[in-house]
Amino acid sequence: MPNHMINRRALLRAGIVTGGLLTGVASAGTAAFARTAQPSNTAPDQRPATPAEAWATLREGNRRWVDGTATHPHQDAARRKEVAEKQDPFAVVFSCIDSRVAPELVFDTGLGDLFVVRTAAQTIDPLVTGAAEYGPAELGTPLVVVLGHQRCGAVTAAAESLHDHKKLPGELDTIASALRSAYKRSGGDVDKMIRINTIDVVKQLKKDKLFAPRIAKGRLKVIGAYYSIDTGEVTRLV
């Protein structure tokens, strides 16, 4: 057999072996990255079972969001198929309608992870309370987070309306009325008003007839938090 044919075959075999080794290294690297990308406090498909575990998972997701290392979990076709027939979210997030405060992004979560209720400035009424009740009452969701945020437009508009004694158009004035107490206690300071209102809503939910027994047994926690639009960080208020 001619030497050039032998050499060619030897090169091809070497290439196949080397390619296999490189593929193996790449696969190992990909697997290692996938392992580090998963949240450390819970397995990817393990639902946090307690209020503490649920809050730790949200905090870890928020740290990734702040650091720019979001993993965007549960946002693929496989997850869509997994939750198509059944959902079991680990938290309820009651936040503002502000377009800059999307809970699934802020906490780096995905499909089936959160129940999200959103109103202007987290203003609350019986219909909203009923929406928040669904997860804990029907599925045992262990955590409710009331999430206020920096530079809330609804709170700012309400503060200006109340200061100037001018009604807002349409049902917007109902929002201002709901925030009147927070306005008075804040002295008109918008950021203080946001925080006071968030804590007020937490207190109201803690007294809810469906929440109170679960809270007493340690099966549910209702907490208040504040989101910084500037930094992306969520800090706990109460």
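This one's a predicted model, so the numbers in the text were calculated from it and none came from an experiment.
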Notebook entry, point to check: In Å and rounded to the nearest 0.5 Å, what is the CZ to CG distance from R79 to D113?
Noted result: 5.0 Å
Check: Which atom names give the shortest non-hydrogen contact between G148 and Q122, and what distance separates them?
Finding: CA-NE2, 3.3 Å
Margin query: For residues V155 and L172: do they belong to one hydrophobic cluster (side chain heavy atoms under 4.5 Å, members Ile, Leu, Val, Met, Phe, Trp, Tyr)?
Written below: yes
Next item on the list: Apply side chain to side chain contact (heavy atoms under 4.5 Å, CB included) to the pair F115 and V144, showing each step before the final yes or no.
Entry: CA-CA 9 Å; F115 284 115; V144 176; over 6 Å; no
Checklist line | Minimal non-hydrogen separation, A154 against I175, with atom names | finding: CB-CG2, 4.5 Å
Note to self: Filter on ring-ring contact (aromatic ring centres under 6.0 Å, His included), then keep only pairs touching residues 208-234, sequence neighbours left out; what's left?
What the structure shows: none
Next item on the list: First locate atom CD1 of I196, then atom OH of Y183, and finally report the distance between them rounded to the nearest 0.5 Å.
Entry: 12.5 Å
Note to self: Hydrophobic clustering (ILVMFWY, side-chain heavy atoms < 4.5 Å, transitive) - are V145 and L237 grouped together?
What the structure shows: no
Check: Going through the checks in order, is the side chain to side chain contact (heavy atoms under 4.5 Å, CB included) test met by D200 and R185?
Finding: CA-CA 11 Å; D200 284 350; R185 284 178 286 147; 2.3 Å; yes
Next item on the list: Hey, could you give me the CZ/CZ distance between F107 and R59, rounded to the nearest 0.5 Å?
Entry: 11.0 Å
Next item on the list: Apply salt bridge (charged side-chain N to carboxylate O under 4.0 Å, His left out) to D191 and list each qualifying residue two or more places apart in sequence or on a separate chain.
Entry: R195
Next item on the list: Look up atom CG in L179 and atom CG in L162, then write down how far apart they are to the nearest 0.5 Å.
Entry: 7.5 Å
Next item on the list: Any chance you could lay out the side chain to side chain contact (heavy atoms under 4.5 Å, CB included) test for F90 and L143, step after step, and finish with the verdict?
Entry: CA-CA 7 Å; F90 66 85; L143 179 67; 5.9 Å; no
Checklist line | CA sep, side-chain torsions, deciding dist, call: R214, T141, side chain to side chain contact (heavy atoms under 4.5 Å, CB included) | finding: CA-CA 10 Å; R214 289 170 171 79; T141 305; over 6 Å; no
Checklist line | CD on E133 to CG on L205, rounded to 0.5 Å | finding: 8.5 Å
Next item on the list: Determine whether more than 12 heavy atoms belonging to other residues, nucleotides or ligands lie under 6.0 Å from atom CZ of R236.
Entry: yes
May I have the list of side-chain donor-acceptor pairs in residues 92-103 shorter than 3.5 Å, sequence neighbours left out?
{"unit_1": "D98", "atom_1": "OD1", "unit_2": "R100", "atom_2": "N", "d": "2.8"}
{"unit_1": "D98", "atom_1": "OD1", "unit_2": "R100", "atom_2": "NE", "d": "2.9"}
{"unit_1": "D98", "atom_1": "OD2", "unit_2": "R100", "atom_2": "NH2", "d": "2.8"}
{"unit_1": "R100", "atom_1": "NH2", "unit_2": "R151", "atom_2": "O", "d": "3.4"}

Check: About how many Å separate CG of D67 and CD of E233, when rounded to the nearest 0.5 Å?
Finding: 9.5 Å
Checklist line | Non-hydrogen atoms of I229 and Q150 that approach each other most closely | finding: N-OE1, 2.9 Å
